[in-house]
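Report on one structure; see the data block that follows.
Keep in mind it's a predicted model, so treat the numbers as computed, not measured. The first residue in the sequence is number 1, and the count goes up from there.
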Amino acid sequence: MAVPQNRLEQMLAKLRERGFRITPQRLAVLKILASSEDHPSVEQIYEQVKADFPTTSLATIYKAVTLLKELNEVLELGFPEGSNRYDGNKPYPHPHMICIKCKNIMDPDLMGLKQLTEEAAQKTGYKIIDHRLDFFGICPACHEKE
Ligand SMILES: [Zn+2]
Ligand SMILES: [Zn+2]
């Protein structure tokens, strides 16, 4: 698994700056999140970390993810049913494609988003600071299985 070195460095720098210790488990969580193109849940991160650190608890992973969330180093995608998912690769607001069958989540690269944001601000007078844009559907892999 290729870890984008600069994302990992940014996360480590933020933690060190705030005086947090980088334990081996925390480093493992950071690595998974920095390369998280599949937007893992805490449980999925836990499964991966446990492979290398069998004594790790789910609570430890929760704490590490919560800490990163507080430092704005990970984006949380909340869902009313099912687990929240996390993007540490892009910790800023961006649109998501969500498969309702396999729960795969990916980042589409949308050219029109900037324009849409400007239009929304212009039409409402809002100063936009955040957005949440989720597209729900059936991913190509699930579509093929049908
Ligand atoms: Zn799918
Ligand atoms: Zn994302």
Side-chain angles (χ1 to χ4, degrees), residues 1-20 22-23 25-52 56 58-146:
M1 183 168 63
V3 178
Q5 211 51 39
N6 50 355
R7 255 322 278 149
L8 185 61
E9 289 302 324
Q10 283 167 5
M11 286 174 159
L12 285 169
K14 187 69 104 34
L15 284 174
R16 287 201 189 100
E17 193 182 294
R18 307 289 173 99
F20 292 107
I22 316 289
T23 59
Q25 286 95 331
R26 253 185 202 160
L27 184 63
V29 174
L30 290 180
K31 279 185 182 166
I32 292 164
L33 283 168
S35 58
S36 62
E37 276 172 20
D38 53 351
H39 306 78
S41 64
V42 167
E43 291 80 8
Q44 285 166 335
I45 297 168
Y46 172 59
E47 289 305 321
Q48 286 190 54
V49 174
K50 213 171 60 170
D52 290 324
T56 303
L58 188 57
T60 303
I61 308 298
Y62 260 109
K63 272 187 225 153
V65 172
T66 303
L67 173 62
L68 288 164
K69 203 179 87 182
E70 283 165 7
L71 296 173
N72 293 319
E73 288 298 317
V74 69
L75 179 73
E76 181 179 69
L77 303 173
F79 293 99
E81 43 204 81
S83 303
N84 290 349
R85 306 276 291 265
Y86 296 89
D87 191 336
N89 188 21
K90 293 184 182 174
Y92 45 85
H94 59 274
H96 287 100
M97 309 300 295
I98 300 163
C99 178
I100 58 165
K101 294 214 156 171
C102 69
K103 312 290 180 206
N104 180 48
I105 300 179
M106 64 166 288
D107 299 333
D109 204 2
L110 303 179
M111 304 301 286
L113 184 63
K114 197 167 169 275
Q115 204 185 331
L116 187 67
T117 308
E118 278 165 15
E119 190 186 340
Q122 215 173 34
K123 288 198 169 151
T124 60
Y126 272 55
K127 182 182 180 297
I128 294 173
I129 50 169
D130 197 359
H131 71 253
R132 218 194 132 163
L133 184 55
D134 295 335
F135 295 92
F136 294 89
I138 296 162
C139 76
C142 287
H143 205 74
E144 237 167 63
K145 275 182 241 158
E146 277 180 351

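The side-chain contact (heavy atoms from CB on, under 4.5 Å) search around His131 returns Pro93, Pro95, Leu113, Leu133, not counting sequence neighbours. For Lys50, the side-chain contact (heavy atoms from CB on, under 4.5 Å) partners two or more places apart in sequence, or in a different chain, are Tyr46, Glu47. Glu37 pairs by the side-chain contact (heavy atoms from CB on, under 4.5 Å) definition with Asn89, not counting sequence neighbours.
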**Asked** Are Thr60 and Val29 close enough, and set up right, to give a side chain to side chain contact (heavy atoms under 4.5 Å, CB included), and what steps lead you there?
**Response** CA-CA 10 Å; Thr60 303; Val29 174; over 6 Å; no

**Request:** Under the side chain to side chain contact (heavy atoms under 4.5 Å, CB included) rule, what do Asp87 and Ile105 come out as? Steps first, then yes or no, please.
**Result:** CA-CA 10 Å; Asp87 191 336; Ile105 300 179; over 6 Å; no

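Using a 4.5 Å heavy-atom cutoff, the side chains of Asp38 and Gln44 are not in contact. At least one side-chain heavy atom of Arg7 sits less than 4.5 Å from a side-chain heavy atom of Pro91.
Of the candidates Arg85, Lys90, His96, His39 forms a side-chain hydrogen bond (donor to acceptor under 3.5 Å, both in side chains) with just one, namely His96.
Atom CG of Leu71 and atom CG of Leu15 lie 6.0 Å apart (nearest 0.5 Å). In this structure, CD1 on Ile45 lies 6.5 Å from CD1 on Ile32, to the nearest 0.5 angstrom. Considering CD of Gln48 and CD1 of Ile61, their distance stands at 10.0 Å, rounded to 0.5 Å. Note that OH of Tyr86 and OG1 of Thr66 are 6.0 Å apart. Values are rounded to the nearest 0.5 Å. Put simply, CZ on Arg26 and CG on Leu12 are 11.5 Å apart, with the number rounded to the nearest 0.5 Å. Residue Leu75 holds its CG atom at 11.0 Å from CG of Leu33, rounded to the nearest 0.5 Å.
When all heavy atoms of Thr56 and Val49 are compared, the pair lying nearest together is OG1-CG1, 3.8 Å. The nearest pair of heavy atoms linking Ala34 to Leu8 is CB-N, 4.0 Å.
Remark: Gln115 CD is loosely packed, at most 12 non-hydrogen atoms of other residues, nucleotides or ligands lying under 6.0 Å away. When the shell of 6.0 Å around CZ of Phe136 is examined, it contains more than 12 heavy atoms from other residues, nucleotides or ligands.
Looking only at distances, a side-chain donor or acceptor of Asn84 sits under 3.5 Å from a matching main-chain atom of Phe79.
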